[in-house]
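Have a look at the structure below, then the notes.
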Amino acid sequence: MRLLPDTIAGRTIAVLLLGLIALHLASIWAYQLGLDSEVGLTNAARTAERLVSIKSTLSWLPAEKREETAHTLSGGALEVHYSTVPLAVAPPVMTSSARALQSEIEKRTETHRDGGLIVGTPAQGTGTRTDPHLTLVSMRLPDGGWVNTNIAVLDGAHNSTRAIIVSTALMALGVLGIALGMARSVTHPIRKCAEEAKRVYVASEPQPIPVDGPKEVRELAAAFNEMQLRVKKLVDERTLMLAAISHDLKSPLARLRLRLEDVADEDVRRAIETDFDDMLQMIGSSLEFLRSDHTGEERQRLDLGAIVRTICDDYADQGQAVTLERQDKAIFTGRRLALKRAFANLIGNALKYGQSATVRVLATSQNITLEIEDEGPGIPEDELKKVLTPFYRIEASRSRDTGGTGLGLTIAHSVIESHGGTLELKNRPQGGLFVRVVLARAERS
């Protein structure tokens, strides 16, 4: 059973609704606190009325009966005493409640004009323990005596400004918490969709994105999966078309090669044969590049170190100066033929342009690294990235003996990226090119 709305719009409305409800409840609470404060002011007026009445009553009695009568008039929050001196002292800073009480008393008596009213705390030496919730009021009688009244819990915690601040802070925190929770529930499927999108074509077949989450995210995932299939179909059709074109071109080229036997001029025949070989190599390299990531080859567990050793042995058998300086056991899950082709292109380039190659296979618990060094002329700094683009060659010559077809590094780069790895090219300080391939062992298949 779904407790949350199924769409982003619905969840957004839910966030707003919950926020408004929380705000409304907090406003009611703040209003109630303000109302309590107003009630406190009303109580101050009623307390002042009672104090003035007590003062008036005691002023008509003889001095010897005033203390007894004061005890009789005590009750509730008031404790009344009679003395010949005031027991209250004015505080340095008067609270709002005490100030309100003093104002109400002053409205009802004239004694405040000559210091006959003190609203504050107990005087030193009175023996009364100081209490922040205790207010002491001393009022002078006409004959010089004093009525002293202890008022308990007059200064409460009802402050409307503070209540508003507290309620606003709680409301903001509540809305923020709800909004963050709801936003996470809405954006998590989108982030997941984006992460899955980065993995497109890291395998031989498209990896469908899970279709879950809100309705809009499900529709997005479904559309993306459909797009993957369409792209796969388009690439497959393109590859098949190019394969057919390659096959159709090879047949007339083969017939033309046979007819070259009738060419009497040997130099002309040799030049034409060279052009034929170049054409066949260019067709084969182009087709290999176009279908390099879409051969249908399945991933399997393999030892990259063993693959590199095989490549190095093959080149060594051909008389090439290749040295496998270090070979760690590097177990990896990938497409064997594609990786072998990529590594062979990189090592072959080092031998072709650097006349020698030093190879190392380094393995850690996280990564597998292939390092290749040569002693050639290197690559100009401004062309290190350009050489990874299709058909780009540093040499201006079109000869395959010098410039090649410009696809070797591109194919290697494409294969390595499809396995979640990185290819780095940089010039060595002492001369030559340094190539580093890094493949993550935790790469998701």
Side-chain angles (χ1 to χ4, degrees), residues 285 288-289 292 302-332 334-390 392-395 397 400-441 443:
S285 296
E288 179 184 8
F289 166 68
S292 59
L302 44 88
D303 186 354
L304 297 185
I307 291 177
V308 172
R309 172 170 288 280
T310 300
I311 296 172
C312 291
D313 289 344
D314 290 342
Y315 279 118
D317 292 341
Q318 300 172 20
Q320 302 284 350
V322 58
T323 302
L324 182 58
E325 191 173 85
R326 176 173 171 178
Q327 177 196 345
D328 294 348
K329 187 174 183 180
I331 303 301
F332 184 75
R335 298 189 291 277
R336 187 181 67 84
L337 293 178
L339 289 170
K340 183 176 180 181
R341 179 166 60 249
F343 296 160
N345 286 350
L346 295 174
I347 297 174
N349 270 9
L351 294 171
K352 182 176 182 179
Y353 299 105
Q355 288 74 48
S356 67
T358 301
V359 184
R360 291 181 289 272
V361 180
L362 313 174
T364 66
S365 58
Q366 291 81 27
N367 300 320
I368 297 172
T369 303
L370 170 66
E371 297 179 348
I372 305 171
E373 296 179 351
D374 65 48
E375 298 180 358
I379 298 176
E381 292 293 333
D382 60 342
E383 298 191 49
L384 284 173
K385 293 184 178 180
K386 296 179 181 179
V387 295
L388 300 178
T389 58
Y392 184 85
R393 295 179 296 182
I394 297 176
E395 297 193 37
S397 170
R400 62 185 173 89
D401 292 330
T402 55
T405 61
L407 288 174
L409 286 176
T410 306
I411 293 172
H413 185 234
S414 176
V415 170
I416 291 167
E417 276 198 334
S418 71
H419 284 81
T422 59
L423 172 62
E424 177 188 7
L425 306 177
K426 65 179 181 180
N427 292 305
R428 302 169 63 202
Q430 63 271 35
L433 187 68
F434 176 78
V435 179
R436 177 187 284 120
V437 175
V438 179
L439 295 170
R441 285 183 181 270
E443 183 262 338

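Not measured: the values here are computed from a predicted model.
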* Please, which pairs that meet salt bridge (Lys or Arg N to Asp or Glu O under 4.0 Å) have at least one residue in residues 304-314, sequence neighbours excluded? -> none

* Structure fact -> Residues passing the salt bridge (Lys or Arg N to Asp or Glu O under 4.0 Å) test with Glu375, sequence neighbours excluded, are none

* Asked: Run the side-chain contact (heavy atoms from CB on, under 4.5 Å) check on Ile307 and Leu370 step by step: do they pass?
  -> CA-CA 11 Å; Ile307 291 177; Leu370 170 66; over 6 Å; no

* Grab the two heavy atoms, one from Leu302 and one from Arg335, that are nearest each other, plus how far apart they are. => CD2-C, 4.3 Å

* To do: For the pair Asn367 (side chain) and Thr369 (backbone), establish whether a donor and an acceptor sit closer than 3.5 Å, ignoring hydrogens and angles.
  => no

* To do: Would you give the length of the straight line joining atom CG of Leu346 to atom CG of Leu351, rounded to the nearest 0.5 angstrom?
  => 11.0 Å

* **Partner residues of Glu381 under the salt bridge (Lys or Arg N to Asp or Glu O under 4.0 Å) criterion, sequence neighbours left out** => none

* To do: Name all residues meeting the salt bridge (Lys or Arg N to Asp or Glu O under 4.0 Å) criterion together with Asp328; count only those two or more places apart in sequence or in a different chain, and write none if there are none.
  => Arg326

* Structure fact -> Rounded to the nearest 0.5 Å, the CD1 atom of Ile311 sits from the CD1 atom of Ile347 at a distance of 5.0 Å

* For Gln355, check side chain to side chain donor-acceptor pair (under 3.5 Å) against everything at least two apart and list the hits. => none

* Asked: Any side-chain heavy atom of Thr422 within less than 4.5 Å of one from Val437?
  -> no

* Is there a side-chain contact between Leu388 and Leu425, using heavy atoms and a 4.5 Å cut-off? -> yes

* Asked: Would you find a donor on one side and an acceptor on the other, under 3.5 Å apart, between the side chain of Asn427 and the backbone of Gly378?
  -> no

* Asked: Looking at Asp374 and Arg428, what are the two nearest heavy atoms and their distance?
  -> O-NH1, 2.8 Å

* Taking the side chain as C-beta and beyond, is there a heavy-atom pair between Thr323 and Val359 under 4.5 Å? -> no

* Going through the checks in order, is the side-chain contact (heavy atoms from CB on, under 4.5 Å) test met by Asp382 and Leu384? -> CA-CA 6 Å; Asp382 60 342; Leu384 284 173; over 6 Å; no

* Between Thr410 and Val387, which heavy-atom pair has the shortest distance, and what is it? -> OG1-O, 4.2 Å

* **Gap separating the NZ atom of Lys386 from the CD1 atom of Ile379, nearest 0.5 angstrom** => 12.5 Å

* **Closest approach of Ile368 to Leu304 (non-hydrogen atoms, all atoms of both residues)** => CG2-CD1, 3.9 Å

* To do: Any pair with a residue in residues 358-369 that passes salt bridge (Lys or Arg N to Asp or Glu O under 4.0 Å), sequence neighbours left out, goes on the list, sorted by first then second residue, please.
  => Glu325-Arg360, Arg360-Glu371, Arg360-Glu373

* Asked: If we only count heavy atoms from C-beta on, is the Phe434 to Ile372 side-chain gap below 4.5 Å?
  -> no

* **side-chain contact (heavy atoms from CB on, under 4.5 Å) between Val322 and Ser356, intermediate numbers included** => CA-CA 6 Å; Val322 58; Ser356 67; over 6 Å; no

* Closest approach of Pro377 and Tyr353, non-hydrogen atoms and distance? -> CD-O, 3.3 Å

* Asked: Sub-3.5 Å donor-acceptor pair from the side chain of Asp303 to the main-chain atoms of Ala330, do we have one?
  -> yes

* **Minimum heavy-atom distance Gly334-Leu339, with the two atoms named** => CA-CD1, 4.3 Å

* **Candidate pair Val308 and Gln327, rule side-chain contact (heavy atoms from CB on, under 4.5 Å), full reasoning** => CA-CA 8 Å; Val308 172; Gln327 177 196 345; over 6 Å; no

* Asked: Just by distance, do the side chain of His419 and the backbone of Ser414 share a donor-acceptor pair under 3.5 Å?
  -> no

